[in-house]
Amino acid sequence: MKTVFRVATCFTTVIAFFAAGVICVAADEDLRTWTSADGRHTTQAALLGFKDGQVQLRRADGKEVSVRSSSLSAKDREYVQAELQRRRQEAAGPAEKKTAAGTAPASAAGSWPRWRGPNLDAHCPETGLMQQWPDGGPPLLWQVEGLGTGYAGVSVAGSKIFTMGRKSSEEHLMALNAADGSPLWSTPLGPGRNQRGSNCTPTVDGDLVYAISIEGDLLCARTDNGETVWRKNFARDFGGKMMSSWGFSESPLVDGNLLLCTPGGAQAAMAALDKKTGRPVWTTAMPYGGSHGGDGAGYSSIVISRGAGVKQYVQLVGRGVIGVAADSGQLLWRYDRIANGTANIPTPIVSGDFVFCSTGYGTGAALLKLTRSGRGVEAVEQYFLDANKLQNHHGGMVLLDGHIYCGHRHNEGFPICVEMNSGQIRWGGDQRGAGSGSAAVLYADGHLYFRYQNGVMALIEATPQRYNLKSSFKLASVRAESWPHPVIAGGKLLVRDQEVLMCYDIKAN
């Protein structure tokens with residue numbers, strides 16, 4: 001029996017990209033066939049560009065549309081990357097062309113501007129990467145120290161790497177030179193008393209960068225010099241709180257002119273701010289209390305969904321997964337069976353009308369379908385997998401060609417592949433894998449990168465057919481739990497370990 005969770009609200013209709021029956025041809029366009037990620041739908045369209053995590057296309061009927069990269073096939077995603085790179089080089093002057101060819105690494109660092117990458121899906125679009133690592137691992141290009149403590153990840157934009165860390169009891173947002181990791185600037189956010197330090201991955205948007213401290217200080221700074229543009233504090237400005245004691249850990253989301261964040265307050269479970277000024281645009285009321293989980297923000301980050309034809313922000317908070325109307329901040333729906341009372345961590349996966357979510361601490365995983373119901377939206381449970389079948393602690397999950405890849409078991413990270421639509425286990429879940437402890441997961445160029453808690457990095461073929469471990473090696477630095485998620489940018493594997501950042505060359509010869 002399917003369970004329905006609903007909060008009524010108004011919705012607006014958006015035009016589906018894969019429109020049935022469109023066969024007319026537009027003149028003077030480089031039309032090609034595009035295929036959906038599940039392989040069920042195709043359409044003819046020309047590539048216009050890429051903006052805010054969306055591939056911009058002109059269909060054969062002349063309609064211009066934007067579609068998430070993750071909703072396209074792997075072949076289409078590779079085409080987008082290659083074609084946009086070709087156009088950039090074609091339009092560039094001699095200096096830029098030289099950089100693109102790899103002779104000026106500082107400005108060819110690749111792009112990973114926020115948590116889970118350009119499309120919020122932990123997919124790196126780069127190709128030409130090693131398909132197997134040499135004994136001892138890929139070459140370590142450089143390693144820098146002095147970044148402060150914490151489990152913050154890194155973002156890469158242009159010639160800079162951005163990260164966070166606690167130094168002398170104060171959290172800092174900092175920028176490094178992408179060529180060698182040398183420091184460029186460091187801006188204090190506020191006290192970093194809670195736990196070891198920062199957990200947020202900074203979010204870069206043009207000439208601005210955003211970060212959240214473990215104490216709930218939200219900072220907007222200039223990317224060139226770290227100068228503060230505006231500040232907020234979740235507790236003081238929004239009545240915010242965390243569901244438990246490990247401190248604010250989300251990475252903020254920029255969507256258009258808005259900066260989205262999750263203060264966790266009863267009247268501001270989520271908040272949308274003007275990204276340039278910090279002025280509140282709307283907040284989401286979500287009264288405290290419920291049968292599962294705990295009040296306040298969780299440890300997840302916001303993703304964008306257009307499920308049921310309604311643009312909405314999906315987030316895992318202390319009381320479960322919620323959907324919030326993008327235009328008004330009104331709570332659309334919530335689902336609390338997935339919530340545990342200790343720490344709700346993994347960022348949900350959104351795909352079309354579906355939301356996949358999982359938490360650890362003996363909870364499990366669920367697939368929801370978003371549907372219209374009168375003037376509202378329903379989240380309909382398609383299935384629930386108990387903790388013995390699938391629970392992801394905090395290493396995150398990757399959706400690829402209709403399959404979920406992640407680490408299974410609480411604080412274990414056993415590699416597993418699950419067919420999303422059915423919940424069927426395709427492989428894994430009962431084997432240790434190359435490392436131990438929870439595993440942070442990233443996808444790139446046909447492979448899964450598993451970073452285990454004990455500092456082992458593994459390269460696993462991304463296929464639902466079988467578990468195929470290709471390579472593994474021990475990271476050069478393991479000072480605490482190896483929890484920060486790995487990042488690939490410009491053919492470089494970037495791995496944070498407390499005060500240390502390591503940069504490995506993983507380009508194929």
Side-chain angles (χ1 to χ4, degrees), residues 49-56 66-70 110-123 125 152-158 160-164 173 175 187 189 198-213 216-224 226-232 234 237-238 240 248-263 268-284 297 300-306 311-316 323-329 347-348 350 485 487 489:
F50 185 87
K51 183 179 180 182
D52 296 331
Q54 305 282 320
V55 180
Q56 298 172 317
S66 296
V67 59
R68 280 178 54 81
S69 175
S70 59
S111 179
W112 194 267
R114 57 188 177 185
W115 168 247
R116 290 175 63 82
N119 299 312
L120 302 170
D121 56 7
H123 283 225
V154 300
S155 300
V156 183
K160 297 181 179 67
I161 297 171
F162 300 87
T163 190
M164 297 180 66
L173 168 65
T187 300
L189 275 78
S198 311
N199 288 338
C200 167
T201 297
T203 299
V204 185
D205 180 63
D207 59 356
L208 300 177
V209 57
Y210 305 84
I212 299 171
S213 80
D217 291 299
L218 169 60
L219 171 71
C220 170
R222 292 181 54 85
T223 57
D224 56 352
E227 177 184 344
T228 297
V229 178
W230 55 263
R231 291 175 178 264
K232 295 289 181 181
F234 284 171
D237 296 317
F238 302 102
F248 290 95
S249 302
E250 82 166 315
S251 298
L253 170 66
V254 173
D255 183 27
N257 294 322
L258 299 180
L259 185 284
L260 289 305
C261 56
T262 315
M270 190 182 293
L273 314 178
D274 183 297
K275 69 179 183 182
K276 293 185 177 180
T277 66
R279 178 184 61 83
V281 176
W282 52 251
T283 58
T284 301
S300 173
S301 294
I302 300 167
V303 290
I304 303 170
S305 169
R306 288 174 174 79
K311 183 178 180 182
Q312 57 199 276
Y313 301 116
V314 174
Q315 174 65 302
L316 176 64
V324 172
D327 58 352
S328 66
T347 296
V350 295
H485 290 215
V487 164

Point to revise | Contacts of type side-chain contact (heavy atoms from CB on, under 4.5 Å), residue S249, not counting sequence neighbours | key: N199, Y299
Point to revise | E250 and its side chain to side chain donor-acceptor pair (under 3.5 Å) partner, picked from T201, T347, T262 | key: T262
Point to revise | Qualifying residues under ring-ring contact (aromatic ring centres under 6.0 Å, His included), relative to Y313, sequence neighbours excluded | key: none
Exercise for review: Kindly write out the residues that satisfy ring-ring contact (aromatic ring centres under 6.0 Å, His included) with F238, not counting sequence neighbours, or none if the list is empty.
Suggested key: none
Review point. How many angstroms lie between atom NZ of K276 and atom CG of L259, to the nearest 0.5 angstrom?
Key: 13.0 Å
Practice item. Nearest 0.5 Å please: distance from the CG atom of L218 over to the NZ atom of K232. Key: 9.0 Å
Practice item. Run the numbers on D205 and Y210 for side chain to side chain contact (heavy atoms under 4.5 Å, CB included), then give the verdict. Key: CA-CA 8 Å; D205 180 63; Y210 305 84; 4.2 Å; yes
Review point. Quick one: side-chain hydrogen bond (donor to acceptor under 3.5 Å, both in side chains) partners of D224, sequence neighbours excluded?
Key: R222
Exercise for review: Could you tell me the separation between the CG atom of D217 and the CZ atom of F234, rounded to the nearest 0.5 Å?
Suggested key: 9.0 Å
Exercise for review: State which residues pass side-chain hydrogen bond (donor to acceptor under 3.5 Å, both in side chains) with T163; sequence neighbours excluded, sorted by chain then number.
Suggested key: R496
Review point. Does V67 offer a backbone N or O that forms a donor-acceptor pair with the side chain of R306 under 3.5 Å?
Key: no
Practice item. List for me each residue that meets side-chain contact (heavy atoms from CB on, under 4.5 Å) alongside A175, sequence neighbours excluded, and say none if there are none. Key: K160, F162, L184, W185
Point to revise | Residues that S300 engages under side-chain hydrogen bond (donor to acceptor under 3.5 Å, both in side chains), provided they are two or more places apart | key: Q315
**Study point:** Test side-chain hydrogen bond (donor to acceptor under 3.5 Å, both in side chains) applied to S301 - qualifying residues, sequence neighbours left out
**Key:** none
**Study point:** Atom pair OG1/CE of T283 and M270 - distance to nearest 0.5 Å
**Key:** 11.5 Å
Review point. In chain order, what residues pass the ring-ring contact (aromatic ring centres under 6.0 Å, His included) check against W115, with sequence neighbours excluded?
Key: H485
